[in-house]
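All chains are named by letter (A, B, ...) in the order of the sequence lines, taking the proteins before the strands, and each is independently numbered beginning at 1. These values consider heavy atoms only, across backbone and side chains, with no hydrogens, waters or symmetry-generated copies.
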2 protein chains.
Amino acid sequence: MSKRHTSLKDLATELGVSISTVSRALKNHPDISPELTRKIQQLANERHYTPNPLAMGLLRQQTKMIGVIVPDINTHFYSSIISGIEKVAKEHGYFIVISSSNESMQKEIESVDNLLNSRVEGLIVCLSQETDEFSHFHKLIENEIPLVFFDRVCEDLSVPAVLANGEEATQMITRHFYENGCRRIAYISGPGHLNISRNRKIGYLKGLEECHIDFDPQLLVNCNLSIEEARLATQQLLQLPNPPDAIFGMNDTIAFAAMIEIKKQGFKIPDDISLAGFTDEFHSIVVDPPLTSVSHPTFEMGKAAAELFFELLVKGENISKRIVLPIDLVVRQSSIKN
Amino acid sequence: MSKRHTSLKDLATELGVSISTVSRALKNHPDISPELTRKIQQLANERHYTPNPLAMGLLRQQTKMIGVIVPDINTHFYSSIISGIEKVAKEHGYFIVISSSNESMQKEIESVDNLLNSRVEGLIVCLSQETDEFSHFHKLIENEIPLVFFDRVCEDLSVPAVLANGEEATQMITRHFYENGCRRIAYISGPGHLNISRNRKIGYLKGLEECHIDFDPQLLVNCNLSIEEARLATQQLLQLPNPPDAIFGMNDTIAFAAMIEIKKQGFKIPDDISLAGFTDEFHSIVVDPPLTSVSHPTFEMGKAAAELFFELLVKGENISKRIVLPIDLVVRQSSIKN
DNA sequence: AAGCTTTGCGAAAAGCTTTGCGGAAATTTT
DNA sequence: AAAATTTCCGCAAAGCTTTTCGCAAAGCTT
């Protein structure tokens, strides 16, 4: 079995002084004489003493842990956000415990419970796709336990959140398509109860209006965020009597699934159909043709979420702040018709 | 400030009994009378009592935390492995604390220190690319703190590990190329001090021998695992007076970088050059042409690593086991010449 | 030299749980 | 009725740290 870490008691016994003396000496308390302080600190160094975080936690009633719930850890989008969170958490001496909801509301509820039972000091969460009911967050709000949402938020709850400006993004994409000669611009959206779906749809409609294109309901299709449904949605668009000349998907899964399906059906990108999506740089470059995409500021988003979290933690009050991060439209070959 | 969780003491005070009575009642100890037990359990439910893990940790000298160190959380490969680890950790009532070394040995050392100071009960680690010296693991080994490596291991240290059969994989790829008419098969390898680089090189050489192809040193190039170096390495191969008719890269970064570079230089895949890599399914499908690749059993790898960890944890002894997971060669269009 | 302040350190409590041991009351036995 | 069990529960310690309070000795004042 692994040996115990050295404790204050160990040092105290070895030096024949009391525990409190050792404790004070290690933080240079003036009550302790210089020589004794030196002796104690030296031994502490030799024994590699570090305070036991469990004992400290018990004393201070804090665990230095933040719970993070994501729909799926297994994508660049979330893992990059997690990196951002982890960075600022570490700077504050905190560490993060990650729990994946797998896009299931049931698992999300369990995660909240588990993390709370593990005494995390608060939660940073991105709602699962299924989540349309929010009572599992009530106890956090009532007890003023820090909680911040990112990307997917609940509009009804006054919870601080950080999100990307999806509305502006989709509006930009729509306009970009228009300026490149597209007139039948289709949009594959996600589930309607997700705020990100709604916002992006709004931007899409605004963009159409701006370009004086009438909205054609046939060109707006919904899907959940799975590859299969995204492919089906694409098929549906391609089979239209008057198919679109541009498609954009609301996240990278959809965009890539659409790309596969479009190619499979023999359409050329971008000549027959322009394509754009929301995704990160690496994947956009590696596909053929390189994908025009909105680059999410994922790392920044994680950082912002964590900073918001710590603001909550120290201030205590429930500052209901909402941070909207700008996005970037990176134009690549998939949307430039020859 | 967030309210305190209810403790045994709270329940005891409210019911006018002692703390120990409450504690025993909650675990149905026969010493406590049935009615009292019932009453206590009911109140505990109402108050949502859960034992304070900090107090338990202090008592039992365990934190139920596993430290996980990965070179980079931000890739599918590692995040998928983490998912696997997390699954079995959760089954055992443990949670994981992730730390990223960013491929830096210095940060790896810091991570080890930090995690140990946080009193994790052991470590599951994948070495950073830079790591060529291992003294920071000595204290773990000496103190018999559970430690398991995955994917990248140190051959000199007798530490249990789980890895994929890279040797067999590269041998299979080489043979596959040969069977599809390739005779000048190039291999872009990683840093030589990494066991995975070495193993895969061995497989490559074995494959060549099996196919009676003489090894041409010009066709074996090294690079670190960055996109830039991988592109340079590819350029180097393509500029050869007698360029290769097949290339495979030792991980997905290399494979994709090679793909980009090959296309950029105007070569056709697979007609001019066959290509294969190590990567996961989604990315292999989404690129053009779909990439022949070795699929790493990432999730299984994570699970196996965690199971090995718990074996160590309960048995206490340092069973120096090495688990080698089979890999799968999935043939797609990038390696089938017409 | 008697009283006062300062200096330097120890005891103990709090934070929470488990568990061996002891003890009082209730019950059974003789 | 006295003795012996049982039954049911509380005390206290251990695990580790911080911090308030207190105490003794040394130094100081007059």
To the nearest Å, give me how far apart CZ (B:Arg60) and P (C:dT18) are. 7 Å
Taking CG from B:Leu26 and P from D:dC9, how many angstroms apart are they, rounded to a whole number? 13 Å
Close N/O contacts between protein and nucleotides 20-22 of chain C (under 3.5 Å):
from, atom 1, to, atom 2, distance (Å)
C:dG20, O6, B:Arg24, NH1, 3.2
C:dG20, O6, B:Arg24, NH2, 3.0

Applying salt bridge (charged side-chain N to carboxylate O under 4.0 Å, His left out), can you list everything that pairs with A:Lys87, at least two apart in sequence or on another chain? A:Glu91
Can you check whether B:Ser18 has a side-chain N or O nearer than 4.0 Å to OP1 or OP2 of D:dG10? yes
Which of parallel (below 30°), tilted (30 to 60°) and perpendicular (above 60°) describes A:Phe310 and A:His92? parallel
Side-chain donor/acceptor of B:Ser80 to backbone N/O of B:Thr298, under 3.5 Å: no
Distances under 3.5 Å between protein N/O atoms and the N/O atoms of nucleotides 14-17 of chain C, please, pair by pair.
from, atom 1, to, atom 2, distance (Å)
C:dG15, O3', A:Gln61, NE2, 2.8
C:dC16, OP1, A:Gln61, NE2, 3.1
C:dC16, OP1, B:Arg4, NE, 2.8
C:dT17, OP1, B:Tyr49, OH, 2.7
C:dT17, OP1, B:Asn52, N, 3.4
C:dT17, OP2, B:Leu8, N, 2.5
C:dT17, O5', B:Tyr49, OH, 3.4

B:Tyr94 and B:Phe309: ring-ring contact (aromatic ring centres under 6.0 Å, His included), yes or no, with the steps? CA-CA 11 Å; B:Tyr94 276 64; B:Phe309 179 90; 7.2 Å; no
CZ of B:Phe150 to CG of B:Leu308: how many Å apart, nearest 0.5 Å? 12.5 Å
Could you tell me whether the side chain of A:Glu121 and the main chain of A:Lys64 form a donor-acceptor pair under 3.5 Å? yes
Check: B:Ser104 main-chain N/O paired with B:Glu130 side-chain donor or acceptor under 3.5 Å: no
Calculate the interatomic distance between A:Ile32 atom CD1 and C:dT6 atom P; express it in whole Å. 18 Å
Would you give the length of the straight line joining atom CG of B:Leu157 to atom CD1 of B:Ile141, rounded to the nearest 0.5 angstrom? 4.0 Å
Of all pairs that satisfy side chain to side chain donor-acceptor pair (under 3.5 Å), the ones with a partner from residues 9-22 of chain A, not counting sequence neighbours: A:Arg4-A:Asp10, A:Ser7-A:Asp10, A:Glu14-A:Arg47, A:Ser18-A:Ser20, A:Ser18-A:Thr21
Length of the line joining A:Asn28:CG and C:dG8:P, which is rounded to integer Å: 14 Å
By salt bridge (charged side-chain N to carboxylate O under 4.0 Å, His left out), B:Arg38 pairs with (sequence neighbours left out) none
Indicate whether OP1 or OP2 belonging to C:dC9 is found under 4.0 Å from a side-chain N or O atom of A:Ser33. yes
Per atom distances to the A:Thr21 side chain, the nearest of D:dC9, C:dG10, C:dT19 is C:dG10
A:His29 atom NE2 is separated from C:dG10 atom P, nearest whole Å, by 14 Å
So with a 6.0 Å cut-off around NE2 of A:His48, is the heavy-atom count from everything else above 12? no
Would you work out how much the helix from C:dA1-D:dT30 to C:dT30-D:dA1 bends between its ends, with each end axis defined by five base pairs, to 10 degrees? 70°
